[in-house]
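First up is the structure itself, then whatever we jot down about it.
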Amino acid sequence: MTVLKAVRGTRDLLPPETELWNRVEATTRRVFARYNFGEIRTPIFEDTSLFARGVGEETDIVSKEMYTWEDGERFDRDLLRDKWLRENIARFESWSLDRTAAPKADFEGQQMDGSWEFVIFASQTTSSQLLSLADEVREWNAASGRFRGIGRIVIPTISEAAVVTTPEGILIEKVSGAFHKSSQSLTLRPENTAGVVRAYIEHKLGESGLLQKLFYIGPQFRRERPQKGRYRQFWQIGAEVIGPPSAGSESPLRDAEVLEMLASFLDELNITGWTLVLNSVGSATDRPKYVAALREALAPVKDQMSPDNQRRAETNPLRVLDSKDPADEAIIATLPKIADFLDDESKAHFAAVLAALDACGVQYEINPRLVRGLDYYTRTTFEFTHDGLGAQNALLGGGRYDGLSEMLGGPKAPGIGFAMGLDRLILTLQSAEAEPAPVLADAFIAPLGEALNAPALALARDLRRQGMRIELGDGAFRIRKSFEIGNKLARNIILLGEDEHASGILTVKNFATGEQTKIPRGDLAQALRSSGN
RNA sequence: GCGGCUAUAGUUCAGCGGCAGAACGCCUGACUGUGGCUCAGGAUGUCGUGGGUUCGAUCCCCACUAGCCGCCCCA
């Protein structure tokens, strides 16, 4: 039998490592509480369109890195596939495919010995459902970039064949109409901000007139290639400050307060060597103007750049600024700067953020090239970076998202937030300090003989109820074995033999000092407590 | 999604076209109410999975899977 393993990109966290995780989470709760944040827990999956609208349809996260599935009572993949093939099989015999015409979804078929093979060409946005029927799906690297995938289906010959002519797009309509009416597309959350804002809107939290300050700790999911500190189920700590403008949600003081909180948080975890990097990407109207100017400036020079940057120049010009390619540095230096496109309001906002940070002594660097990948960011964007992380040097990132609530159909609710990769944060802590030692119990109780097992449990219960961490042995163990195990698991061993049971005076030995004493049962807890940590 | 490296005992790893190895850990005993240190003995395993070459493959070849590192992307 195949031994089951944790799926690719996921992992188990075991003691004593989980002690470190608990410590970080406890520090989070302690520090964030001082800033009067409350905890929010949103569902781990949401309607797919939440992320499409919030994070951005064209971002890689949404277009290819989400765990998405159809959830619906009437969805039946096999039935659907069979019906689709029966309805369309005749098309393949005479139809020739014009790939340059960029149909929404097309397919061609070929009769093999006793079977049909169909190839579907489909753009992901319109026909992921169609692709979900295929035996195999792979990316098709079309030069035009029009098609996102090819699906391949092989089935036994079907005798009954209906004739269907070839109006484009009909196919999908039929498929959805017949089988997907009650189904819903769901997605494991790839980040938590969209979910928090959804909850803010749904529960009308803005109606309180107060600023909402919410933090979360939880797993997120992204279907990326695993790497050091990057997992498909990864953990994030994040916080959001959001509210109606009348509550002061647009104030630069909010930005500075969040940044100051993060600086204090990292300090409290004894993480040194971090750098706060800041920029402003401008208002919702500044940003498109700048992107347009970038495109214009890139058009004549992009051919001289690296292939990566040529592609970015087309798909997401802002990312060109993030390029690490030294060969392209000279060109990048000549590109327009975002700072020149900020309106007066945005400039003043950014200046006020900086002034507040200066006032409380939080150090920062301004990086005019810091852009963030998510569509919803406006004005302040930031990262905390750390040298110990190699190429992936960002410890956390975030920014202001003044228009997100409205993008999701909610009221005007400017906000600022961040998300921190817990997996990577733990990595930096682990590289900075010694491996955590296993936690030792206060005492190991060794019943000497199976007749003493029951009294040993009673003793353990007694001590545990007084707050002691107790490991209970077993009377079947020989005494030597009890000592060996006890030495690994606890600071003290309590011997419970016939004598001890009869007299109520227990034999206690401290493993560190080797000192052995007799202690009345009633004094045990106090003695263990004072024997130190 | 792309590229490089890797996969052998619980762990870290060595190894070789012909008997499967070390260290640490584990178990037993020296020591029948005393751990750590020491000594003696013992058990580990589909050599990642599947196929190929070969008289013979853990070793060579291919594919797959997984991990690490980098790229892409990104909180």
Side-chain angles (χ1 to χ4, degrees), chain A residues 1-3 5-11 55-56 58-66 137-141 148-149 189-194 216 218 220-231 234-239 306-309 311-312 315-316 319 322-325 371-377 381-385 390-399 417-425 444 446-449 452 473 475 477-500 507-516:
Chain A
M1 198 191 315
T2 314
V3 178
K5 303 197 299 184
V7 303
R8 182 176 173 78
T10 69
R11 60 178 176 157
V55 176
E58 296 307 317
T59 60
D60 274 26
I61 295 178
V62 171
S63 63
K64 60 184 197 196
E65 292 178 355
M66 298 201 305
V137 178
R138 61 181 192 274
E139 285 285 312
W140 178 40
N141 187 17
R148 295 303 297 258
R189 62 188 188 194
E191 57 100 52
N192 218 334
T193 298
Y216 56 84
Q220 321 289 336
F221 304 85
R222 245 185 250 180
R223 200 176 175 289
E224 335 173 79
R225 183 116 178 182
Q227 234 181 83
K228 192 178 184 65
R230 312 180 70 178
Y231 299 91
F234 58 102
W235 291 75
Q236 283 189 336
I237 294 175
S306 66
D308 273 346
N309 278 331
R311 186 179 41 71
R312 286 163 165 165
T315 59
N316 191 350
R319 305 291 324 172
D322 249 1
S323 165
K324 291 165 210 133
D325 196 328
V371 290
R372 308 216 50 87
L374 305 187
D375 280 3
Y376 52 62
Y377 284 119
T381 59
F382 59 88
E383 277 180 4
F384 282 72
T385 61
Q392 312 292 331
N393 67 348
L395 211 48
L396 65 93
F418 63 88
M420 172 164 32
L422 197 43
D423 305 83
R424 258 192 245 169
L425 184 72
F444 178 90
L448 303 179
L452 292 158
F477 295 166
R478 292 189 356 274
I479 187 163
R480 176 186 166 84
K481 184 171 167 123
S482 289
F483 267 82
E484 283 171 354
I485 299 173
N487 187 38
K488 285 175 190 160
L489 298 179
R491 292 186 291 108
N492 298 281
I493 185 167
I494 298 173
L495 297 183
L496 181 62
E498 292 298 345
D499 292 352
E500 287 86 353
T507 306
V508 179
K509 184 166 184 178
N510 182 297
F511 282 115
T513 63
E515 186 188 359
Q516 185 161 315

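Chain identifiers are assigned alphabetically (A, B, ...) following the order of the sequence lines, protein sequences preceding nucleic acid strands; residue numbering begins at 1 within each chain.
Residue A:D499 is classed as a base contact, given a heavy-atom separation below 4.0 Å to a base. Looking at heavy-atom distances under 4.0 Å, A:G398 makes no contact with the nucleic acid at all. Nucleic acid contact for A:G9: sugar-phosphate only, since backbone atoms but no base atoms lie under 4.0 Å from a heavy atom of the residue. Across all strands shown, A:L396 has no heavy atoms under 4.0 Å from either base or sugar-phosphate atoms. Note on A:T193: nothing from the nucleic acid sits closer than 4.0 angstrom, heavy atoms only. Among the heavy atoms of the strands lying under 4.0 Å from A:K488 are primed sugar atoms or P, OP1, OP2 only; no base atom is included. Residue A:G486 is out of contact with every strand shown, counting any heavy-atom pair closer than 4.0 Å.
Using a distance-only test at 3.5 Å, with no hydrogens or angles considered, a donor-acceptor pair links the side chain of A:D423 to the main chain of A:W235. A side-chain donor-acceptor contact under 3.5 Å links A:R424 to the backbone of A:A394.
Of the P atoms belonging to B:C16 and B:C73, the separation is 43 Å, rounded to the nearest Å. For B:C24 and B:C37, the P atoms lie 11 Å apart once the distance is rounded to whole Å. B:A22 and B:G42 have their P atoms separated by 11 Å, given to the nearest Å. As rounded to the nearest Å, B:C74 and B:C61 have P atoms that lie 39 Å from one another. Only the P atoms considered, B:G10 is 13 Å distant from B:U49, to the nearest whole Å. B:G48 sits 8 Å from B:A7 when the P atoms are compared, rounded to a whole Å. B:C71 and B:C55 have their P atoms separated by 47 Å, with the value rounded to a whole Å. Distance check on atom P: B:U11 versus B:C68 gives 15 Å, rounded to whole Å.
Separating the CZ atom of A:R480 from the P atom of B:C31 is a distance of 10 Å, rounded to the nearest angstrom. Rounding to whole angstrom units, CD of residue A:E224 and C1' of B:G67 are separated by 16 Å. Rounded to whole angstrom, the span from the CD atom of A:E65 across to the P atom of B:C71 amounts to 15 Å. The CZ-C1' distance, from A:F444 to B:U34, rounds to 13 Å in whole Å. At whole-Å resolution of the value, CG in A:N487 and C1' in B:G33 are 17 Å apart. To the nearest angstrom, P of B:G33 lies 7 Å from CD1 of A:I479. The nearest whole Å value for the distance from the CG atom in A:D423 to the P atom in B:C74 is 19 Å. Put simply, CG on A:N510 is 16 Å from P on B:G36, counting in whole angstrom units.
Along RNA chain B, the nucleotide nearest to A:L496 and the one nearest to A:P226 differ in position, and the one closer to the 5' end is contacted by A:L496. Each of A:A6 and A:Y376 lies near RNA chain B, and the nucleotide nearest A:A6 is the one positioned closer to the 5' end.
Across all strands shown, B:A7 is found opposite B:U65 as a Watson-Crick or G-U wobble partner, with both distances under 3.5 Å. Searching all strands for a Watson-Crick or G-U wobble partner of B:G70 with both distances below 3.5 Å returns B:C2. Across the strands present, B:G21 finds its partner in B:C13; the criterion is a Watson-Crick or G-U wobble pair with both atom distances under 3.5 angstrom. Pairing partner, B:G42: B:C26, with both Watson-Crick or wobble hydrogen-bond distances short of 3.5 Å. Across all strands shown, B:G35 remains unpaired; no Watson-Crick or G-U wobble contact has both distances below 3.5 Å. Base pairing of B:C60: its partner is B:G52, meeting the Watson-Crick or G-U wobble criterion (both donor-acceptor distances under 3.5 Å).
A:E498 places a side-chain heavy atom less than 4.5 Å from the side chain of A:L452. For the pair A:F511 and A:F483, the minimum side-chain heavy-atom distance is below 4.5 Å. A:P226 has its side chain within reach of A:R8: a pair of non-hydrogen atoms, C-beta onward, lies under 4.5 Å apart. With contacts defined as side-chain heavy-atom distances shorter than 4.5 Å, the pair A:L495/A:I493 qualifies.
Using a 4.0 Å cut-off between charged nitrogen and carboxylate oxygen, A:K488 and A:E484 do not count as a salt-bridge pair.
Annotated as syn: B:C19, whose O4'-C1'-N torsion sits within 90° of 0.
For A:K481, no side-chain nitrogen or oxygen approaches OP1 or OP2 of B:G33 to under 4.0 Å. Regarding contacts with the backbone of B:U32, every side-chain N or O of A:R478 stays at 4.0 angstrom or more from both OP1 and OP2. For A:R223 and B:G1, the shortest distance from a side-chain N or O to OP1 or OP2 is below 4.0 Å. For B:U34, neither phosphate oxygen OP1 nor OP2 lies less than 4.0 angstrom from any side-chain nitrogen or oxygen of A:Q516. Between A:R8 and B:A66, a side-chain N or O to OP1/OP2 separation shorter than 4.0 Å is present. Look at A:R225 and you won't find any side-chain N or O under 4.0 angstrom from OP1 or OP2 of B:C73.
Comparing B:C69, B:C74, B:G35 by their nearest atom to the side chain of A:Q227 picks out B:C69.
With values rounded to the nearest 0.5 angstrom, A:F418 atom CZ is found 7.0 Å from A:L396 atom CG.
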